[in-house]
Amino acid sequence: MKPVLMVTGGNRGIGAATARLAAMAGYAVCLSYRSHADEAAAVVAEIRMGGGEAVAVAADVALECEVSRLFEQADALGPLRALVNNAGMLEPQARVAEMDAARLTRVFAVNVIGSFLCAREAVRRMSTRQGGAGGAIVNVSSAASRLGSPGEYVDYAASKGAIDTFTIGLAKEVAAEGIRVNAVRPGVIHTAIHASGGEPGRVDRVKAGVPMQRGGQPEEVAQAILWLLSDAASYCTGSLLDISGGR
Ligand code: NAP
């Protein structure tokens with residue numbers, strides 16, 4: 001039986017690239033999506049065409065009941081061995097002075113609470129203390145946690161700062177239970193997230209400030225995620241790996 005990997009937000013961008021690579025690496029993939037069922041179905045079809053195993057499940061990671069249901073559906077694939085907490089969002093660019101509580105609640109509910117809830121479900125299944133066989137978690141943070149994203153989305157950057165701390169704390173908490181927990185911190189990557197912030201061409205605008213002078217591709221982040229999940233990273237936990245072209 002193949003090891004099962006859960007990737008949240010697996011219908012597009014970094015999540016879809018991770019799902020594809022994970023299937024090629026031999027995982028049975030459960031990918032979640034919030035709203036784009038058509039994209040999720042296309043990723044699943046592509047994986048199956050390549051001989052891999054994948055299912056897609058709709059779930060808003062900010063809602064506890066939907067997260068519980070998501071992991072219950074993944075149980076049908078087999079024992080969970082890996083989680084990629086990838087689902088994330090940002091709101092239109094704004095200064096802190098313009099942010100209301102509803103916006104802040106949305107950003108932290110999805111990016112932070114969603115990651116906690118999914119990790120909770122994964123730990124319950126993977127911890128050797130709870131009868132599991134161990135596993136690995138990769139949280140998708142952001143270089144924004146170091147840079148702060150002034151004038152654009154300080155709220156988003158702060159939510160990723162919380163993910164960095166969450167990664168360090170959870171890694172220590174479950175290190176003796178067979179679970180490694182790490183994070184990747186992508187820089188500017190060519191995905192649709194920038195359009196949801198109101199600037200589809202953001203990568204091209206900021207790339208001159210990246211030492212490598214370009215944005216990254218989702219696959220370049222996915223490769224790092226797959227390495228952190230793999231046995232090649234067996235002594236690596238609580239690490240925050242920058243995938244940001246030197247920025
Ligand atoms: P993306 O293309 O916009 O993908 C975001 C994914 O998250 C989508 O699959 C989306 O599902 C899902 N999602 C959003 N809100 C959700 C919710 N409430 N519940 C469940 N799923 C939800 O963006 P991306 O760039 O690939 O982002 C992936 C991760 O990388 C995020 O955590 C992001 O913060 C991080 N990141 C991205 C960059 C970058 O430059 N692109 C840089 C640093 C970090 P639907 O499409 O179905 O709504």
Side-chain angles (χ1 to χ4, degrees), residues 6-20 30-44 56-67 69-71 83-92 105-118 138-149 152-153 155-164 166-167 183-207 209-210 214-222 224-225 240-245 247:
M6 170 74 74
V7 53
T8 61
N11 53 294
R12 67 183 198 200
I14 294 167
T18 301
R20 290 187 196 98
C30 180
L31 61 93
S32 80
Y33 63 97
R34 181 192 49 176
S35 50
H36 292 103
D38 47 345
E39 291 177 353
V43 177
V44 167
V57 178
D60 184 333
V61 295
L63 300 178
E64 189 168 21
C65 57
E66 295 199 10
V67 171
R69 192 180 45 79
L70 167 65
F71 279 79
L83 164 67
V84 182
N85 259 327
N86 166 78
M89 53 84 78
L90 42 74
E91 295 275 327
T105 301
R106 280 193 299 275
V107 170
F108 279 80
V110 175
N111 295 357
V112 182
I113 295 176
S115 295
F116 267 78
L117 293 174
C118 291
V138 174
N139 295 322
V140 181
S141 175
S142 172
S145 73
R146 293 183 280 109
L147 301 170
S149 305
E152 295 188 319
Y153 4 74
D155 53 348
Y156 169 84
S159 77
K160 295 300 189 178
I163 291 300
D164 290 356
F166 170 50
T167 301
V184 291
R185 295 196 296 198
V188 283
I189 309 298
H190 288 280
T191 73
I193 202 168
H194 306 286
S196 60
E199 190 183 359
R202 180 171 176 270
V203 178
D204 288 328
R205 175 174 63 82
V206 304
K207 69 182 181 188
V210 177
R214 66 173 178 87
Q217 295 298 330
E219 292 73 21
E220 294 179 289
V221 181
I225 292 171
L240 311 173
L241 180 55
D242 292 317
I243 317 289
S244 56
R247 187 164 178 240

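Indexing begins at 1, ligand by ligand and atom by atom, following the structure's order. For reference, positions follow the sequence shown, starting with 1.
Scanning both residues, S141 and I163, for their nearest heavy atoms gives CB-CG2, 3.9 Å. Residues P186 and V140 share a closest heavy-atom pair of CG-CG1, 4.1 Å. The two atoms that bring A224 and V184 nearest to each other are CB-CG1, 4.2 Å, heavy atoms only.
Taking E219 as the reference, nothing meets the salt bridge (Lys or Arg N to Asp or Glu O under 4.0 Å) condition, with sequence neighbours excluded. For the salt bridge (Lys or Arg N to Asp or Glu O under 4.0 Å) test, no residue two or more places apart in sequence or in another chain qualifies with R247. Scored by the salt bridge (Lys or Arg N to Asp or Glu O under 4.0 Å) test, R185 finds D164, D242 as partners (sequence neighbours excluded).
Among protein residues, G9, N11, R12, G13, I14, Y33, R34, S35, H36, A59, D60, V61, N86, A87, G88, V110, V140, S141, S142, Y156, K160, P186, G187, V188, I189, T191, A192, I193, H194 come within 4.0 Å of ligand 1, judged on heavy atoms.
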